[in-house]
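Below is one structure, written out as structure tokens; comments come after it.
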There are 2 protein chains.
Amino acid sequence: MMAAGNPTIHDVAKLAGVSTATVNRVLKGGYVSADARTAVETALKETGYRPNSMARGLRMRRSYTIGQMLTEITVNPFFANVAQGVENAARANNYRTVLFNHSNDSKRERLGIERFIDDHVDAVLFCTSTDATNLALLDRSGIPYVELERSRTTAAPFIRVDNYTGARQAMVHLVELGHRRVAFVGGDPAIQLPNSRRGYAVEEERLNAYRDCVQEFDLLTDPRLVRLGKYYSMSDTFPGASGYRHTRALLELDQPPTAIFATCDILAAGALQAIYDCRLRIPEDISIVGFDDTLAVCLAPALTTVSQPMARMGAAGFQCALDLIEGRAPLNEQTLPAELVVRASTGRAPG
Amino acid sequence: MMAAGNPTIHDVAKLAGVSTATVNRVLKGGYVSADARTAVETALKETGYRPNSMARGLRMRRSYTIGQMLTEITVNPFFANVAQGVENAARANNYRTVLFNHSNDSKRERLGIERFIDDHVDAVLFCTSTDATNLALLDRSGIPYVELERSRTTAAPFIRVDNYTGARQAMVHLVELGHRRVAFVGGDPAIQLPNSRRGYAVEEERLNAYRDCVQEFDLLTDPRLVRLGKYYSMSDTFPGASGYRHTRALLELDQPPTAIFATCDILAAGALQAIYDCRLRIPEDISIVGFDDTLAVCLAPALTTVSQPMARMGAAGFQCALDLIEGRAPLNEQTLPAELVVRASTGRAPG
DNA sequence: TTGTATGCGTTATCAA
DNA sequence: TTGATAACGCATACAA
């Protein structure tokens, strides 16, 4: 029924008794007589013809592939969710995606970008990039890119989340529950990789929201309540180890906090373990809010957290990339909202 | 310095003053004079030439791409870990991978396979496949495939994990801690998708290990202690919801178990929530063991679990695929060990 | 309305 | 040791 290998457009043409140009016309739309059309259509069915994407890519000088550079899909589910959002949008537009995880290693990222260039990806999406000089490689190859979550450059479109407002919701929620001694466990703006000059840094926004709320609602001010570090570790066996350590330290304070705002679910997971070890009860003894909404539903108790629109961010990123590919000019910056999801880890302040 | 677009092998040839054939020879190895070689090498450097993978793929009738069909990367971290293992092995062999998630929907899987065929992937890896008739599509296109974790066919290479021995370790561990009333919360062999005739089914193996140990160690036999269902739900907001429900039911028994073997970390996460709600203490009041080692380290308390060699499984799967592609005959079946990791959720039986 | 012919960038055969 | 050339499968300009 079928020759060796997959049928080509030539096979279809021969079977239908027309030229490849005619087959192409019924495929892509164009002037075709009714007779020719039906002949081609039956031939199409008979052969089960499917175009060869490499040949098409070569001819069209377009691979219909976009590269996704991720920090590390296995370490934080955040990335899997973003990737999924990109993937779905891409599929819907007949695009495929190729992933690469750089593990926050700029050299690895460079390798990945070179791979992407070899693959002739039509664009690349970063979530997130480590280094502006790597991005320059893409500029040199004329490959457009967009940045998600964090940005290293001001030229490329940037999809961000409103971390400030999201973090603020978390704090307001705690204040409304009567908490006045609230700790912050989160990313250290200082140790983050060099950012662009856009003026938004994930860490700063979250920390600023905390500090502003401490002021505004006249909460307890104590520098020991603010614990900065990394969101998760690539090297520890447990990525949330630092959340654990910070929380242990907080609980050993003469006056421990009644609530902790851990600005990443992974950090919050570590915090939950520390609290468990100290035999404290959540939320009766202490409340905790996370950020991201990744692990949150899986933890015990289910975590109140600031939910990031991961899939939407991915989809928006893909749309920007497609605009760039097709010569349209996307917004240089888009801000998506984050929203507090209240679950079981927050309650009225004790005492 | 560089013309529009990426440099081609022609650009290199012209710059070096040789033919493309000579450039190809220095690239791929062959008889080249010292003079020509140095000329080409400098031209290579100067242009920053990188071969066009689509042109190569077209010419070689090989895409250097393998398709990865996953159940759903965002629902169970298991898949992200397997995918990562595949990815790393693939990169090391100059292969790239393309992912597709079917969400246990056989129609979606079919769509994905058709995509893979269009992409002319050289092979596909399933983790896991839903339907043997979908696999037949690949047979028809002459695309080899391998199955990971579960198999629907006996023809394709199959990489499996020794679930029986893994589960047995968990049970023995509990027995050694003095538990005699042990519950099983796990997958129902009956509701699983139709399996191949290989005689191993993940669910059966785990359940059999449980049952054998109950017999062998003379543990309490009570049908109410065995709770079967799905490992995780795609539709609930919390994939571990059924673990929660089963555990609640178990705790309401007149004689609740002193230990629960939940054969998936997601199920175990639900169990932990139920136990937390009931204000029981782990492991003082009740012990719990999971399976997979995905969420385990993140839970409170850190979960004792049977660790699956996810990355190894992915790497082995890729190796099989490569063997198939290059005409070697890989083992038809490979069994990888699973190993108990003891953490904080298991302790001596109370009382 | 249809067919012919060419090129996309590689690889590899063959003749020189 | 080297270069001209053909072919992979598709899309399309141009001719008919």
Side-chain angles (χ1 to χ4, degrees), chain A residues 2-41 43-44 47-65 94 117-122 141-142, chain B residues 2-41 43-44 47-65 94 117-122 141-142:
Chain A
M2 188 193 307
N6 289 322
T8 72
I9 200 169
H10 286 99
D11 299 327
V12 178
K14 198 188 302 175
L15 188 61
V18 299
S19 74
T20 61
T22 301
V23 176
N24 187 49
R25 276 179 212 109
V26 351
L27 254 20
K28 299 278 143 49
Y31 295 136
V32 187
S33 68
D35 281 6
R37 164 156 278 125
T38 51
V40 169
E41 272 164 359
L44 244 21
T47 54
Y49 170 74
R50 325 218 87 213
N52 181 318
S53 63
M54 290 181 288
R56 188 175 53 129
L58 181 60
R59 173 63 224 236
M60 305 293 277
R61 326 182 108 263
R62 199 164 154 184
S63 63
Y64 292 91
T65 301
N94 280 305
I117 294 174
D118 291 355
D119 290 352
H120 284 247
V121 298
D122 296 336
S141 293
Chain B
M2 189 193 307
N6 289 321
T8 72
I9 199 168
H10 286 99
D11 299 328
V12 177
K14 198 188 300 174
L15 189 60
V18 298
S19 74
T20 62
T22 300
V23 176
N24 189 46
R25 273 179 215 109
V26 351
L27 253 20
K28 301 278 144 48
Y31 294 136
V32 188
S33 67
D35 280 6
R37 164 157 278 123
T38 51
V40 169
E41 272 162 359
L44 244 20
T47 55
Y49 170 73
R50 324 219 86 212
N52 180 319
S53 62
M54 288 182 289
R56 189 174 52 129
L58 181 60
R59 173 64 223 232
M60 305 289 278
R61 325 182 108 264
R62 200 164 154 184
S63 62
Y64 292 90
T65 301
N94 280 305
I117 295 174
D118 291 356
D119 290 352
H120 285 247
V121 298
D122 296 336
S141 293

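Reminder, nothing fancy here: chain letters follow the sequence lines and each chain counts from 1. Both backbone and side-chain heavy atoms feed into the values below; hydrogens, waters and symmetry mates do not. Bear in mind the structure is a predicted one, so any value in this text is a computation, not a measurement.
Across A:H120 and B:M54, no two heavy atoms sit closer than the pair CB-CE, 3.9 Å. The shortest heavy-atom contact between A:R25 and A:Y31 is CD-O, 3.5 Å. Taking each heavy atom of A:L44 and A:V26 in turn, the nearest pair found is CD2-CG2, 4.2 Å. Taking each heavy atom of A:A36 and A:V32 in turn, the nearest pair found is CB-CG1, 3.7 Å. Shortest non-hydrogen contact noted between A:T20 and A:A13 is N-CB, 3.7 Å.
Near-neighbour residues of DNA chain D inside residues 20-27 of chain B, defined by a heavy atom below 4.0 Å, number-ordered: B:T20, B:A21, B:T22, B:R25. For the contact set between residues 31-39 of chain A and DNA chain D, defined by any heavy atom under 4.0 Å, there are no members.
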For a side chain to side chain contact (heavy atoms under 4.5 Å, CB included) check, start with the C-alpha distance between A:N52 and A:T8, then their side-chain angles and the critical distance, and finish with the verdict. CA-CA 8 Å; A:N52 181 318; A:T8 72; over 6 Å; no
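Checking A:D119, A:I117, A:L58 one by one against B:S53, the side chain to side chain contact (heavy atoms under 4.5 Å, CB included) holds for a single residue, A:D119.
In this structure, B:R37 has no side chain to side chain donor-acceptor pair (under 3.5 Å) partners at least two apart in sequence or on a different chain. Scored by the side chain to side chain contact (heavy atoms under 4.5 Å, CB included) test, A:A16 finds A:V18, A:A39, A:V40, A:A43 as partners (sequence neighbours excluded). Not counting sequence neighbours, A:Y49 has no partner by the ring pair (Phe, Tyr, Trp, His ring centres under 6.0 Å) test. With sequence neighbours left out, B:S63 forms a side chain to side chain donor-acceptor pair (under 3.5 Å) with B:D122. B:R50 pairs by the side chain to side chain donor-acceptor pair (under 3.5 Å) definition with A:D118, not counting sequence neighbours. For B:T38, there are no side chain to side chain contact (heavy atoms under 4.5 Å, CB included) partners, not counting sequence neighbours. With sequence neighbours left out, the side chain to side chain donor-acceptor pair (under 3.5 Å) criterion links A:T65 to A:R96.
In 5' to 3' order, the nucleotides of DNA chain D bounding all contacts with chain B (an atom under 4.0 Å from a heavy atom) are D:dT1 to D:dG9. Nucleotides of DNA chain C with any atom under 4.0 Å from a heavy atom of chain A span, from 5' to 3', C:dT1 to C:dG9.
In the helix from C:dT1-D:dA16 to C:dA16-D:dT1, the terminal helix axes, each the rotation mapping four pairs' C1' atoms onto the next four within five end pairs, subtend 50°, rounded to 10°.
B:M54 comes within 4.0 angstrom of no nucleic acid atom, judged by non-hydrogen atoms across all strands.
Taking the side chain as every heavy atom from C-beta outward, A:S141 and B:N6 approach each other to under 4.5 Å.
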